[in-house]
Amino acid sequence: MTERTLEQRQQDARHKLETEADVWLASADTDGNPALVPFSLAWDGERIILTTDGKNATARNLAGNPKAKLFVGDSRDVVLVSATAQVFPQAEAPAGALDLFADRTGWDARGLGESWVVMVLTPDRVQVWRGPDEIKGRTVMRDGKWLEST
């Protein structure tokens, strides 16, 4: 397999975030107890938008410890995102977030109850690889900024 350029990896990462239906989200509570849960996702070009019942462990974890990791794809073609989360009651969600989520996922979380929240995850670091040949150069975003070729 030919190693992709930085630009191609970034393009592929954005494409996966725009088109994949699901993401695995890893979070931990303030004691460090982990949770790994699948979610439907919406990507607005800068942030990942998810929704769940605020009573769920993931929502509680992110409210107390906003660091998370998200995995899109499989182990042979993965996008790994380290992100910082904000958790909003639906009524306080960023403008357009719930519309985008409904359009992207095909289901609307509005009306499911007042306990439902919107989780907005802003990437801090993005890594992309397709097997061992691409481990080198896998980081395509650092400190919230897409890297530039040197």
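We number each residue from 1, following the sequence as shown.
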- Item | Student check: side-chain heavy atoms of Phe71 and Val23 closer than 4.5 Å | no
- Task: Please report the closest heavy-atom contact between Leu62 and Ser27, naming both atoms and the distance.
- Result: CD2-CB, 3.9 Å
- Message: Could you check whether any side-chain N or O of Asp143 sits under 3.5 Å from a backbone N or O of Lys145, counting only pairs where one atom can act as donor and the other as acceptor?
- Response: no
- Does the pair Ile49 and Asp44 meet the rule for a side-chain contact (heavy atoms from CB on, under 4.5 Å), with working shown? CA-CA 8 Å; Ile49 300 165; Asp44 72 359; 4.2 Å; yes
- Task: Please report the shortest heavy-atom distance between Met141 and Pro123, naming the atom on each side.
- Result: SD-CB, 3.6 Å
- Task: Among Arg9, Gln8, His15, find the residue that satisfies the side-chain hydrogen bond (donor to acceptor under 3.5 Å, both in side chains) test when tested with Asp12.
- Result: Gln8
- Query: Hey, does Asp22 have a side-chain heavy atom less than 4.5 Å from the side chain of Ser40?
  - Reply: yes
- Message: With a 3.5 Å distance limit and no angle check, can you tell me whether Thr84 reaches the backbone of Pro66 through a side-chain donor-acceptor pair?
- Response: no
- Message: Restricting to non-hydrogen atoms, name the atom on Gln127 and the atom on Thr139 that form the minimum distance, rounded to 0.1 Å.
- Response: NE2-OG1, 3.1 Å
- Of the non-hydrogen atoms in Phe39 and Thr52, which two are nearest, and what is the gap between them? CE2-CB, 3.7 Å
- Can you tell if the side chain of Phe101 reaches within under 4.5 Å of the side chain of Leu41, non-hydrogen atoms only? no
- Query: Taking C-beta and beyond as the side chain, do Val126 and Leu80 meet within less than 4.5 Å on heavy atoms?
  - Reply: no
- Query: If only atom types and distance count, is the side chain of Asp53 paired as donor or acceptor with the main-chain N or O of Asn56 below 3.5 Å?
  - Reply: no
- Going only through I, L, V, M, F, W and Y residues with side-chain contacts under 4.5 Å, is there a path from Phe88 to Val117? no
- Message: Between Glu114 (side chain only) and Pro89 (backbone N and O only), is there a donor and an acceptor less than 3.5 Å apart?
- Response: no
- Message: A cation-pi test, strictly: NZ or CZ of Arg76 under 6.0 Å from the centre of the six-membered ring of Trp129 and no more than 45 degrees from its axis. Yes or no?
- Response: no
- Is Asn33 atom CG crowded by more than 12 heavy atoms from other residues, nucleotides or ligands, each under 6.0 Å away? yes
- Task: Over all heavy atoms of both residues, which pair between Glu18 and Arg104 is shortest? Give the atoms and the distance, please.
- Result: O-NE, 2.8 Å
- Check against side-chain contact (heavy atoms from CB on, under 4.5 Å), Trp24 and Leu70: CA-CA 5 Å; Trp24 285 93; Leu70 301 103; over 6 Å; no
- Query: Are the side chains of Asn65 and Asp29 in touch, meaning some heavy atoms are under 4.5 Å apart?
  - Reply: no
- CA sep, side-chain torsions, deciding dist, call: Val118, Gln86, side-chain contact (heavy atoms from CB on, under 4.5 Å): CA-CA 8 Å; Val118 176; Gln86 293 177 283; over 6 Å; no
- Query: Side-chain donor-acceptor pair under 3.5 Å between Lys67 and Ser82, yes or no?
  - Reply: no
- Could you pull out the closest heavy-atom pair between Val87 and Ala63, with the gap in Å? CG2-N, 3.9 Å
- CE/Met119 to CG/Asn61 distance, rounded to the nearest 0.5 angstrom? 10.0 Å
- Approximate separation, where rounding is to 0.5 Å, of Thr58 OG1 and Leu50 CG: 9.0 Å
- Item | Flag side-chain contact, heavy atom, 4.5 Å: Val78 against Val72 | no
- Begin with the C-alpha distance, continue with both residues' side-chain angles, and end with the deciding distance and a verdict on side-chain contact (heavy atoms from CB on, under 4.5 Å) for Leu121 and Val81. CA-CA 10 Å; Leu121 294 106; Val81 179; over 6 Å; no
- Message: Any non-hydrogen side-chain atom of Val120 less than 4.5 Å from a side-chain atom of Ile48?
- Response: no
- If you round to the nearest 0.5 Å, how far is CZ of Arg14 from OG1 of Thr19? 13.5 Å
- Message: Taking the side chain as everything from C-beta on, heavy atoms only, tell me whether Val128 gets closer than 4.5 Å to Arg4.
- Response: yes
